[in-house]
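Order of listing sets the numbers, starting from 1, for every ligand and every atom in it.
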Amino acid sequence: MQQTARQTPHTTGSRSLTITGPQTAADDRVLTEGAVSFLQALCDEFAAEVPQLLDKRRQRQQQIDAGQLPDFLDETANIRSGDWRIRNIPSDLQDRRVEITGPVDRKMVINALNAGVKVFMADFEDSLAPSWQKLLEGQLNLQDAVRGEIEYTAPDTGKHYQVNDDATVLVARVRGLHLPENHVQHHGKTIPGALFDFAMYFYHNYRQLLAKGSGPYFYIPKLESHVEARWWAKVFAYAEERFCLQPGTIKCTCLIETLPAVFVMDEILYELRSNIVALNCGRWDYIFSYIKTLRNHPDRILPDRQRVNMEQPFLSAYSRLLIKTCHKRGALAMGGMAAFIPSKDPEANAAVLEKVTHDKTLEARNGHDGTWIAHPGLAATALAVFDGFIGQGPNQLHITRDVDAPILAAELLAPCEGERTEEGMRLNIRIALQYTEAWISGNGCVPIYGLMEDAATAEISRTSIWQWIRHQQHLSNGKLVTKALFREMLTEELSKVKQEVGASRFSQGQFIRAASLLEEITTADELVDFLTLPGYRLLTE
Ligand SMILES: CC(=O)SCCNC(=O)CCNC(=O)[C@H](O)C(C)(C)COP(=O)(O)OP(=O)(O)OC[C@H]1O[C@@H](n2cnc3c(N)ncnc32)[C@H](O)[C@@H]1OP(=O)(O)O
Ligand SMILES: O=CC(=O)O
Ligand SMILES: [Mg+2]
């Protein structure tokens, strides 16, 4: 997409909003007067509250750092024991047995819509490095997809892409509340990226979506409390009122992917009861959040990343509690992502499909109503599993798990057994290095060693090392994990990555810069909240 420096800031009538991003070819269709004035209105109403919500996160973290453990809240016990249900699930969201996810690149959007699954989660979050150009281009791609007008010809191969099946339901995932959008200022302050993504997708598409019997549907990531859910409920109600829509027209699915959020799932459903249709087990961010939230607790250190699978008691408890909570309230309980991606080698691919089948079977047997796949090559496998459990469907809402013993805080927080190995540490370093390099170069999702890596999975790698250093762990071979050991390994693994990717790719890429960022945040005394925050500075400078 063409991009030129913006000569003058794009300002609206009352000039509380200034857009400073470089001009792109998508501006005329995305940054329209109507969309920008809606964004401005949202910022006028809601932007100021976001720093307060983030501050509440910091305050709670201080208590946990001081020794408290997360727990169910006394002050909301009446919500948990109350007899209430969510408003409704529209007919096109009743059956979500397999959802494909992916960034909003034009080709990927078309391929995802052709994957033969129920839903495409179009991602402005974990799998997108949010450069201004990609954001605008992504919004344009979704506008075209909603209107059935999306086509693409690959410049390298000449292959033409178009959508063959318009039955796939579109759900847009907006950025988390922690991520600013540096290219838009409201009264001189950067705005929350989430408001930008929401405003642009909603404004440009709600009429067309409703006209074809669907609606403006969103995935909301990384919530940490029901107070944040309340903020989203206000945003949705405001948008519905402004455009004279029935309350509850906007529908959302919230990812439960932070440790604090698992203790307020009822409360999140309650706050959003007009708009919410489902919760989703965002397992990768959840594991990252377990490390981050319990950073000061030496008895909760995770082993090698490969050991931390959904069969671990703390993750199994999380999946089962999410299902039980959702189904009691009439909401769907979505499973998450197995990060395996297909291999071109048939034998290796058979092993991948077997692992995916195993993972999806566990989810479907627990009672999840659907699951995520990262690649079209996994659609048939995931569908076969969920078809086997759901049949004609549409879902497994009847599985109430009422006979289960209550799931207690101790189970959700249970330490995770397993070794910390030198091989595991070196692998974490190589993954974090390569992912950071991709992200700061503008690519938020990459295949590394047969796995899909995105902003959630890579966070596990880099925070595991931080945690092992912080708590002076010994690896299984007796080596003590120190900053010095990490620096030594970082240098060695950087060379290994150079060998793996080749000298030319290495010199053209940003590996040295990525290594230096990784070195800085892994050896910092305080855990940096998100890799993507310092990453965003590099991406946008
Ligand atoms: C923790 C979480 O948040 S999970 C959710 C966020 N993460 C994601 O959504 C991951 C999405 N997946 C991806 O981005 C990709 O699968 C990757 C980057 C991991 C691998 O992509 P590639 O290297 O292109 O894989 P590969 O070469 O096997 O792709 C084959 C084809 O499938 C397409 N494809 C791969 N993944 C997807 C996808 N998720 N959606 C649509 N199409 C896809 C490719 O575009 C390619 O199409 P082509 O043959 O027409 O060129
Ligand atoms: O967003 C999903 C996750 O696993 O993280
Ligand atoms: Mg996530």
Side-chain angles (χ1 to χ4, degrees), residues 98-117 119-129 141 145 150 152-163 168 171-176 178-179 219-224 253-259 261 279-290 292 308 310 315 318-319 322 334-345 348-349 352 359 363 371-379 382 434-435 438-439 443-460 530-532:
V98 178
E99 302 189 340
I100 189 165
T101 70
V104 283
D105 298 359
R106 201 161 181 88
K107 183 182 82 168
M108 295 281 264
V109 169
I110 300 172
N111 281 341
L113 291 170
N114 286 336
V117 299
V119 169
F120 167 40
M121 189 278 271
D123 195 14
F124 289 98
E125 214 244 349
D126 283 335
S127 68
L128 186 82
N141 294 339
I150 188 164
Y152 174 70
T153 304
D156 45 348
T157 60
K159 185 173 166 190
H160 187 69
Y161 293 78
Q162 62 188 37
V163 177
T168 316
V171 181
R173 177 161 76 170
V174 300
R175 278 171 282 180
H178 61 289
L179 282 172
Y219 254 108
I220 305 297
K222 294 185 178 59
L223 287 178
E224 295 206 9
T253 300
C254 290
L255 285 132
I256 298 300
E257 54 180 354
T258 66
L259 192 62
L279 298 178
N280 172 301
C281 273
R283 64 173 75 164
W284 300 106
D285 265 312
Y286 188 76
I287 297 167
F288 159 48
S289 176
Y290 182 98
K292 186 160 74 168
V308 190
M310 291 307 284
L315 291 174
Y318 149 65
S319 153
L322 185 140
M334 298 300 297
M337 184 67 90
F340 308 106
I341 45 175
S343 165
K344 304 221 175 350
D345 169 55
N349 198 44
V352 164
D359 181 76
E363 289 186 325
T371 192
W372 274 10
I373 54 166
H375 191 289
L378 302 174
Q434 292 178 78
Y435 183 75
W439 203 93
N443 188 357
C445 191
V446 276
I448 306 178
Y449 308 130
L451 293 179
M452 174 284 293
E453 295 288 346
D454 70 5
T457 58
E459 286 283 29
I460 301 170
F530 292 96
L531 167 63
T532 50

message: Tell me the contacting part of Lys222 for ligand 2: side chain, backbone, both, or neither, using a 4.0 Å heavy-atom threshold, strictly below.
response: neither
- prompt: Which residue owns the protein heavy atom closest to atom 49 (O) of ligand 1, what's the atom, and how far is it?
  reply: Lys159 NZ, 4.3 Å
query: Which residue holds the protein heavy atom closest to atom 3 (O) of ligand 1, what is that atom called, and what is the gap in Å?
result: Asp126 OD2, 2.8 Å
message: If I apply the N/O under 3.5 Å rule, does Arg173 come out as touching ligand 2?
response: yes
- prompt: Do Glu125 and ligand 2 have an N or O pair less than 3.5 Å apart?
  reply: no
query: Mind checking whether the Mg ion (ligand 3) has an N, O or S of Glu125 under 2.8 Å?
result: no
field: Nearest neighbour in protein (non-hydrogen) for atom 27 (O) of ligand 1
entry: Lys344 NZ, 3.9 Å
message: Applying a heavy-atom cut-off of 4.0 Å, say which part of Asp123 lies close to ligand 1: side chain, backbone, both or neither.
response: side chain
field: Nearest neighbour in protein (non-hydrogen) for atom 33 (C) of ligand 1
entry: Asn111 ND2, 3.7 Å
- prompt: Side chain, backbone, both or neither: which part of Tyr219 comes within less than 4.0 Å of ligand 2 when only heavy atoms are counted?
  reply: neither
message: Does only the side chain of Met108 get under 4.0 Å from ligand 1, or the backbone, or both, or neither? Count heavy atoms.
response: both
- prompt: What protein heavy atom is closest to atom 7 (N) of ligand 1, reported as residue, atom name and distance in Å?
  reply: Asp454 OD2, 3.3 Å
Protein contact for atom 45 (O) of ligand 1 (heavy atom, distance under 4.0 Å): yes
- prompt: Does ligand 1 have a heavy atom under 4.0 Å from the side chain of Lys107, from its backbone, from both, or from neither?
  reply: side chain
- prompt: How far is atom 18 (C) of ligand 1 from its nearest protein heavy atom, and which residue and atom name does that atom have?
  reply: Cys445 O, 3.4 Å
- request: For atom 4 (O) of ligand 2, find the nearest protein heavy atom and state the residue, atom name and distance (0.1 Å precision).
  value: Trp284 N, 2.8 Å
query: Less than 3.5 Å between some nitrogen or oxygen of His375 and one of ligand 1, yes or no?
result: yes
- prompt: Do Asp285 and ligand 2 have an N or O pair less than 3.5 Å apart?
  reply: yes
query: Do any nitrogen or oxygen atoms of Gly102 come within less than 3.5 Å of a nitrogen or oxygen of ligand 1?
result: yes
query: When you look for heavy atoms under 4.0 Å from ligand 1, do you find them on the side chain of Thr101, its backbone, both, or neither?
result: both
- line: Closest to atom 43 (C) of ligand 1 among protein heavy atoms sits Pro376 CD, 3.3 Å
message: To make sure I understand the geometry: which N, O or S atom in Glu257 is closest to the Mg ion (ligand 3)?
response: OE1
Options Ala112, Ala374, Ala458, ranked by nearest heavy atom to atom 38 (C) of ligand 1, top entry: Ala374
query: Does atom 24 (O) of ligand 1 have any protein heavy atom closer than 4.0 Å?
result: no
query: Where does Ala339 meet ligand 1, judged by heavy-atom distances below 4.0 Å: at the side chain, the backbone, both, or neither?
result: neither
message: Checking Glu224 against Thr258: is there a side-chain donor and acceptor pair closer than 3.5 Å?
response: no
field: atom 22 (P) of ligand 1 - nearest protein heavy atom and its distance
entry: Pro447 CG, 4.7 Å
